[in-house]
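The structure appears right after this line, and notes come after that.
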Amino acid sequence: MAEIHDQFDTILILDFGSQYSHLITRRCRELKVYAELMPCTTLLKDIHFKPQGIILSGSPYSVYDSDAPHADPAIFELGVPILGICYGLQEIAWNFKGQVAKCEHREYGHATVQRTRFGQGSVDALFEDLGDEMQVWMSHGDQLQDLPKDFHVIGQTESAPFAAVAHNTKPIYGIQFHPEVTHSPKGKAVISRFVLGICRCRANWTMEEFIGKEISRIIDICGPKGRVIGAVSGGVDSSVAAKLMHEAIGDRFHAIMVDNGVLRLDEAKQVHEMLNKDLGVNLTVVDASELFLSRLEGVEDPEQKRKIIGNTFINVFEAEAAKIEAAAEEEEKQGGEAKGLVEWLLQGTLYPDVIESISFKGPSATIKTHHNVGGLLKDMKLKLIEPLRELFKDEVRALGRLLSIPAPLVQRHPFPGPGLAIRILGPVTREQVKVLQQADNIYIEEIRRANLYNHISQAFAVLLPVKAVGVMGDKRTYEQVIALRAVQTEDFMTADWYVFPAEVLKRISSRITNEVKGVNRVTYDISSKPPATVEWL
Ligand SMILES: Nc1ncnc2c1ncn2[C@@H]1O[C@H](COP(=O)(O)OP(=O)(O)OP(=O)(O)O)[C@@H](O)[C@H]1O
Ligand SMILES: O=c1[nH]c(=O)c2[nH+]cn([C@@H]3O[C@H](COP(=O)(O)O)[C@@H](O)[C@H]3O)c2[nH]1
Ligand SMILES: NC(=O)CC[C@H](N)C(=O)O
Ligand SMILES: [Mg+2]
């Protein structure tokens, strides 16, 4: 089956565990070149496509640590251009027997790179047209002490004589600075020189190109009769995935939304309307709230909540698939046409979910189990089909616009599958769900009224498991506390808390304490990610 990397020129990024690896991927894609991240330890024989170029990421390790990760030396023999960034540079030096050691002063922050050599033919093309000096951003404690054999210097800083190096005859480059972060103003131009200039990738990674290829891929995967059941939540991702699927296989696609008892106020009703009316996708809402809430009874541990929800989702989808097949069998008995099996489960999984779970040592994989990746049932019968698995959120939104999905749906804030269960800090009960639904609804209503919805990436309320004293109508109250969260972020991997105008917060707080029974206090969460995460659990 043709994968995306078989259809587009692809830059392979080998991830050595840097917190910026995903940014390298994003920068390539912003240049309209498809890029894919793989663990640095992937062996060349296990890479089943020929990348147009390879980028080695940074890393928290030192190359000379005994447990340091190393790339398969065979990649240096592959003959495709290679760019090493920070640890990646040190890894190239390590491989070519250069010297890497601790530097006297670790360098963290801005530096100026002087270009030292140019005009020696194509091997010096990395900094072409970028001027003699470049502001860059550094973050390292080790550096090259010596040039590896057959390399020469192409850039230096005050403290790093080998800040950028190139092989004398092969297109292999190493740079000590980080071109992928926005603090390196010409960073994107450096990546562009490598990806477009040196690797000669075609800049055709656009959602227009993707749609057609993906629809044909889905048709291929499903075959002439295969049927697909779709996990559709009303969120951007699954709506876009559902629309693609509908275009590809029409009514062999069955969209199912599960009411898991921890949705937002009136969510099931609204989503049902939106999908049927606006997208023309036939959606069935399955009320499984009783099942979910009974399994969640008394559970406080966040990971346990996530796993229970992930597993129960799959149980419900398998039961629905069986119902659809039974109905088809019945139809066939009555003389109807034979229908294919429901073999596939469509999910709106995105690339950040995947990145978190493929990191070579999985440092972030254990922070929380996203219900649709780590929370899946081990022995599930349905096979997964995830058309957005390689896309970032902004790419999915662009795709949604191209598929004529209405703007309010495309711009919707994400809502996690485990829903309010991970926003109720403590045991989940119907009563607690109701309190949170009301508070959340007021919060979002007021954000919309203030025209701030599209300035905020995600906003929601959290119900804290504590009680506080208050006074209402001259009477003492002893009630629960709501925390409000709003963040701005490009990709949800890092996030800043949102600065509200004071009068908006005032109105929200006043409405919540007045209208939501059981709440007498509202707080605002002023934590960024990191060190916090977006959700509280
Ligand atoms: N209530 C639900 N019913 C059916 N499927 C769901 C439900 N909640 C989540 N899912 C499935 O889990 C996937 C991941 O959820 P996630 O919240 O990340 O994506 P989304 O809901 O499609 O979009 P968004 O991130 O904008 O909320 C969804 O794409 C969908 O396939
Ligand atoms: O579908 C989902 N299933 C999950 O289990 C899940 N956990 C977190 N999220 C969403 O992911 C983004 C980042 O959240 P965190 O900073 O809390 O990890 C935020 O947008 C979160 O809402 C989830 N989405
Ligand atoms: N950012 C990095 O890749 C750092 C690499 C290595 N750990 C160093 O300190 O130099
Ligand atoms: Mg969602």
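Atoms within each ligand, like the ligands themselves, are counted from 1 in listed order. The first residue in the sequence is number 1, and the count goes up from there.
- At under 3.5 Å, a nitrogen or oxygen of S238, whether backbone or side chain, sits near a nitrogen or oxygen of ligand 1.
- The cationic atom of R389 (NZ for Lys, CZ for Arg) does not lie both less than 6.0 Å from the six-membered ring centre of Y351 and within 45° of the ring axis.
- Taking a cutoff of 4.0 Å between a charged side-chain nitrogen and a carboxylate oxygen, K305 and E300 do not qualify as a salt bridge.
- Under 4.0 Å from ligand 1, not a single heavy atom of F492 appears.
- Note that R29 lies outside the cation-pi zone of F392, set by a 6.0 Å cut-off to the ring centre and a 45° limit from the axis.
- Within ligand 1, counting atoms from 1 as listed, the ones closer than 4.0 Å to a heavy atom of V232 are 3 (N), 4 (C), 5 (N).
- Of the N or O atoms in G417, one or more lie within a sub-3.5 Å distance of an N or O in ligand 2.
- Distance CD/Q135 to NE2/H183: 13.5 Å, rounded to 0.5 Å.
- Looking at V258 next to ligand 1, an N or O pair under 3.5 Å apart turns up.
- A salt bridge links E535 with R423: the closest approach of a Lys/Arg side-chain nitrogen to an acidic carboxylate oxygen falls below 4.0 angstrom.
- Between the choices Q458, K393, R485, R306, the shortest heavy-atom distance to atom 7 (N) of ligand 2 belongs to R306.
- Within ligand 2, counting atoms from 1 as listed, the ones closer than 4.0 Å to a heavy atom of T533 are 15 (P), 16 (O), 17 (O).
- Side-chain polar atoms of S289 and D259 form no donor-acceptor pair below 3.5 angstrom.
- Counting heavy atoms from C-beta outward, V428 and L293 have side chains that approach closer than 4.5 Å.
- Near P418, meaning under 4.0 Å from any of its heavy atoms, are these atoms of ligand 2: 3 (N), 4 (C), 5 (O).
- For ligand 3, residues of the protein lying within 4.0 angstrom by heavy-atom distance are G58, S59, P60, Y61, C86, Y87, Q90, S139, H140, G141, D142, H178.
- Partners of R295 by side-chain hydrogen bond (donor to acceptor under 3.5 Å, both in side chains), not counting sequence neighbours, listed by chain and number: T312, N315.
- With 3.5 Å as the limit, one finds no donor-acceptor pair spanning the side chains of Q458 and H413.
- Checking only distances, D237 does come within under 3.5 Å of ligand 1, N or O to N or O.
- Residue contacts with ligand 2, taken as heavy atom pairs separated by less than 4.0 Å, involve P416 via backbone and side-chain atoms alike.
- Of all atoms in ligand 1, numbered sequentially from 1 with element shown, those under 4.0 Å from a heavy atom of I256 are 4 (C).
- Counting the atoms of ligand 1 from 1 in the order shown, those under 4.0 Å from a heavy atom of F317 are 4 (C), 5 (N).
- Each of the following atoms of ligand 1 lies closer than 4.0 Å to a heavy atom of F415: 17 (O), 21 (O), 24 (P), 27 (O).
- Using the six-membered ring where Trp is involved, Y498 and F500 have ring planes that are perpendicular, over 60° apart on the 30 and 60° scheme.
- Scanning for ring pair (Phe, Tyr, Trp, His ring centres under 6.0 Å) contacts around Y20 gives W137, H178, with sequence neighbours left out.
- Which of E386, Q458, K393 comes nearest to atom 26 (O) of ligand 1 through a heavy atom is settled by distance: it is K393.
- More than 12 heavy atoms of other shown residues, nucleotides or ligands fall within 6.0 angstrom of atom OH in Y64.
- Judged by a 6.0 Å distance limit and a 45° cone about the ring axis, R448 is positioned over the six-membered ring of Y453.
- Between S233 and ligand 1, a contact under 3.5 Å exists for at least one N or O pair.
- Which of V487, T489, V534, T349 comes nearest to atom 15 (P) of ligand 2 through a heavy atom is settled by distance: it is V534.
- Each of the following atoms of ligand 1 lies closer than 4.0 Å to a heavy atom of G417: 8 (N), 9 (C), 17 (O).
- Checked against side-chain contact (heavy atoms from CB on, under 4.5 Å), R401 has the following partners two or more places apart in sequence or in another chain: R397, A398, V410, Q411.
- When only interatomic distances are considered, the shortest N/O to N/O separation between F313 and ligand 1 does not fall below 3.5 Å.
- The distance from atom CD1 of I324 to atom CD1 of I229, rounded to the nearest 0.5 Å, is 4.0 Å.
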